[in-house]
> 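Sending over a structure as structure tokens; questions will come in a sec.
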Number of protein chains: 2
Amino acid sequence: MPTPAAPPPAPAARRSDATRAAILEAARERFAADGYDRATIRAIARDARIDPSMVMRYYGSKEGLFTAAVSVDLALPDVSALPRDRAGEALVRHFLSLWEENEVLTAVLRVGAQSAAGAERTRDIFRDQLLPVAQRVCPDPEQAPARAALVASHLLGLALTRYVLRIPSAVDLSEGEIVAWLAPSVQRYLTAPHP
Amino acid sequence: MPTPAAPPPAPAARRSDATRAAILEAARERFAADGYDRATIRAIARDARIDPSMVMRYYGSKEGLFTAAVSVDLALPDVSALPRDRAGEALVRHFLSLWEENEVLTAVLRVGAQSAAGAERTRDIFRDQLLPVAQRVCPDPEQAPARAALVASHLLGLALTRYVLRIPSAVDLSEGEIVAWLAPSVQRYLTAPHP
DNA sequence: AGCGTTGGCCAACTGTTGTTGGCCAACCCG
DNA sequence: CGGGTTGGCCAACAACAGTTGGCCAACGCT
């Protein structure tokens, strides 16, 4: 049996699934490229080749569309599974590939810098996804918030200069260079004794 | 003589200077707090207790107001005047006090993340103000762009997490902690041999 | 075949925004 | 004192946004 009775809230395949997906994809692109305010529903609908009112019907509001379009799972690696002195490099590499392939993160960062609601969403991601990792790898769990903040400031700063502001010098850095330079800093923030 | 014949383009004191200044101050606050799009001329005018049309008369357009409101001079210290291994700490300290006292920088960062024009302005600041400093302190001037990009990613990232996103863990860091943690990283990016 | 359901579009409404032009009072200078 | 200049406000405009409701065609089940 291909589909075993379908789970409780059975989404059930709808005939409009293709359209829904097209809207989400267009929304992700527009939000990443233009930020929340300038990514208009009309433009997203045009990209998806449907009428703006469809967006409202399927996602309720612009806010609802944004929520549906950018669901972020950083899928951070289990740093406690590898040697403690490799955590920095692993984190940097993971973030880099995340940003390179996933425009959703650019959208979250743009919107986070744009509105109070967006900033709160970014804070949630930090708290729910990066902080736990830091707590598991830090020597003293009490220092985890500070250490995670340092790591976040560096990694988000890299994303900001490279993918949002597109400062040429930051764009030109190769992935290898970035890892070689940043990994020691991140490693130090995670595990080095408080200076 | 208090005013010696006034310089060439003699601005000449106008009776409306107080109003002009009030507009600029309100604009800086609003742009820093809300970003470009959500900082409406009407709201700025309300803060300055004048009519929205006055803003247009004095600054031509919203874009003109923004340009006039955020003129950024980082006033970076002359790092070549102090011991080479102190440049990192000096830079971090300088940036911190800049951000703490100057809301203009928050405005520039917000708008930089919001619009293409804003991003370009941020790139200009990087190129005209931070890059030259890196060129003067770096061992090999050819590596200056890459090293300056690394420094910028960390310092702008700190500003992003602390002053824009307001991630609690980043806000709670004391200035002393930040300097102690970041200075070695920045120093390494500036002067350490390529890894 | 018949009819309810679904997917889709069109046209319109409402609120807000940047922007403009005209009007009035206060000021300044001779 | 009197006319020109300046500072300021009011009211309106046009564009554009998110959002809504009604209409039509295609589909699918019985």
Side-chain angles (χ1 to χ4, degrees), chain A residues 3 6 10-31 33-70 107 110-111 114-118, chain B residues 3 6 10-31 33-70 107 110-111 114-118:
Chain A
T3 334
R14 277 156 306 197
R15 189 153 41 101
S16 60
D17 280 351
T19 303
R20 290 179 134 91
I23 294 176
L24 276 193
E25 189 187 330
R28 273 190 270 264
E29 282 178 23
R30 283 284 177 179
F31 282 133
D34 302 337
Y36 188 82
D37 287 339
R38 301 195 178 185
T40 68
I41 285 193
R42 286 174 153 90
I44 293 171
R46 206 178 317 128
D47 289 355
R49 300 172 183 283
I50 44 89
D51 188 88
S53 64
M54 302 303 298
V55 177
M56 303 302 299
R57 180 178 292 199
Y58 291 146
Y59 297 99
S61 68
K62 186 179 183 178
E63 177 63 32
L65 172 63
F66 181 75
T67 303
V70 299
R110 272 220 156 85
V111 176
Q114 188 165 68
S115 73
Chain B
T3 335
R14 278 157 304 197
R15 190 153 43 98
S16 59
D17 280 352
T19 303
R20 290 180 133 89
I23 294 176
L24 277 192
E25 189 187 328
R28 273 189 271 264
E29 282 178 24
R30 283 284 178 179
F31 282 133
D34 301 336
Y36 188 84
D37 287 338
R38 302 196 178 183
T40 69
I41 285 193
R42 285 173 154 91
I44 293 171
R46 207 178 314 128
D47 290 354
R49 301 174 182 282
I50 45 90
D51 189 88
S53 64
M54 304 300 300
V55 178
M56 302 302 299
R57 182 181 292 213
Y58 290 146
Y59 296 99
S61 67
K62 185 177 184 180
E63 177 63 31
L65 172 64
F66 181 75
T67 303
V70 300
R110 272 221 158 85
V111 177
Q114 187 165 70
S115 73

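Quick caveat: nothing in here was measured; it's all calculated off a predicted structure.
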> Atom pairs, N/O to N/O, protein against nucleotides 14-17 of chain D, distance under 3.5 Å?
{"unit_1": "D/dA17", "atom_1": "N7", "unit_2": "A/R42", "atom_2": "NH1", "d": "3.3"}

> Which whole-number value in Å describes the distance from B/R46 CZ to C/dG18 P?
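Value for this atom pair: 11 Å.
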> How many angstroms lie between atom OH of A/Y58 and atom CD1 of A/I50, to the nearest 0.5 angstrom?
8.5 Å
> Can you pull out the residues from residues 51-59 of chain A that lie within a 4.0 Å heavy-atom distance of DNA chain C?
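Result for residues 51-59 of chain A: A/D51, A/S53, A/M54, A/R57, A/Y58, sorted by number.
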> Have a look at the helix from C/dA1-D/dT30 to C/dG30-D/dC1 and give the angle its two end axes make, five pairs each, rounded to 10 degrees.
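Between the axes fitted at each end of the helix from C/dA1-D/dT30 to C/dG30-D/dC1 lies an angle of 0°.
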> Any side-chain heavy atom of B/S115 sitting closer than 4.5 Å to one from B/V111?
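They are in contact (side-chain heavy atoms under 4.5 Å apart), so the answer is yes.
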> With sequence neighbours excluded, what pairs up with B/F66 under the ring-ring contact (aromatic ring centres under 6.0 Å, His included) test?
B/F31, B/Y36
> Apply side-chain contact (heavy atoms from CB on, under 4.5 Å) to the pair A/T40 and A/D34, showing each step before the final yes or no.
CA-CA 9 Å; A/T40 68; A/D34 302 337; over 6 Å; no
> Write down the distance between CG (A/D17) and C1' (C/dG8), rounded to a whole number of angstrom.
15 Å
> For residues A/D37 and A/K62, report the shortest heavy-atom separation together with the two atoms involved.
O-NZ, 3.5 Å
> What is the separation between atom CZ on A/R20 and atom P on C/dT6, rounded to the nearest whole Å?
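My rounded result for the distance is 11 Å.
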> How long is the span from the CD1 atom in B/I41 to the OH atom in B/Y59, to the nearest 0.5 Å?
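Here the interatomic distance stands at 12.0 Å.
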> Could you give all pairs that pass the side-chain hydrogen bond (donor to acceptor under 3.5 Å, both in side chains) test and reach residues 19-29 of chain A, with sequence neighbours left out?
A/S16-A/R20
> For residues B/I23 and B/D47, determine if any side-chain heavy atom of one lies less than 4.5 Å from a side-chain heavy atom of the other.
no
> Heavy atoms only: give me the nearest A/A69-A/A27 pair and the separation to one decimal.
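Distance-wise, the nearest heavy atoms are CB-CB, 4.1 Å.
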> How close or far is atom C1' of C/dT19 from atom CD1 of B/I44, stated in whole angstroms?
14 Å
> B/R38 has an atom CZ; how far is it from atom C1' of C/dG15, in whole Å?
16 Å
> For nucleotides 24-30 of chain C, read 5' to 3', which letter fits each nucleotide if B means a protein heavy atom sits under 4.0 Å from the base, S means only the sugar-phosphate is that close, and - means neither?
---S---
> How many angstroms lie between CZ in A/R38 and CZ in A/R110, if you round to the nearest 0.5 Å?
10.0 Å
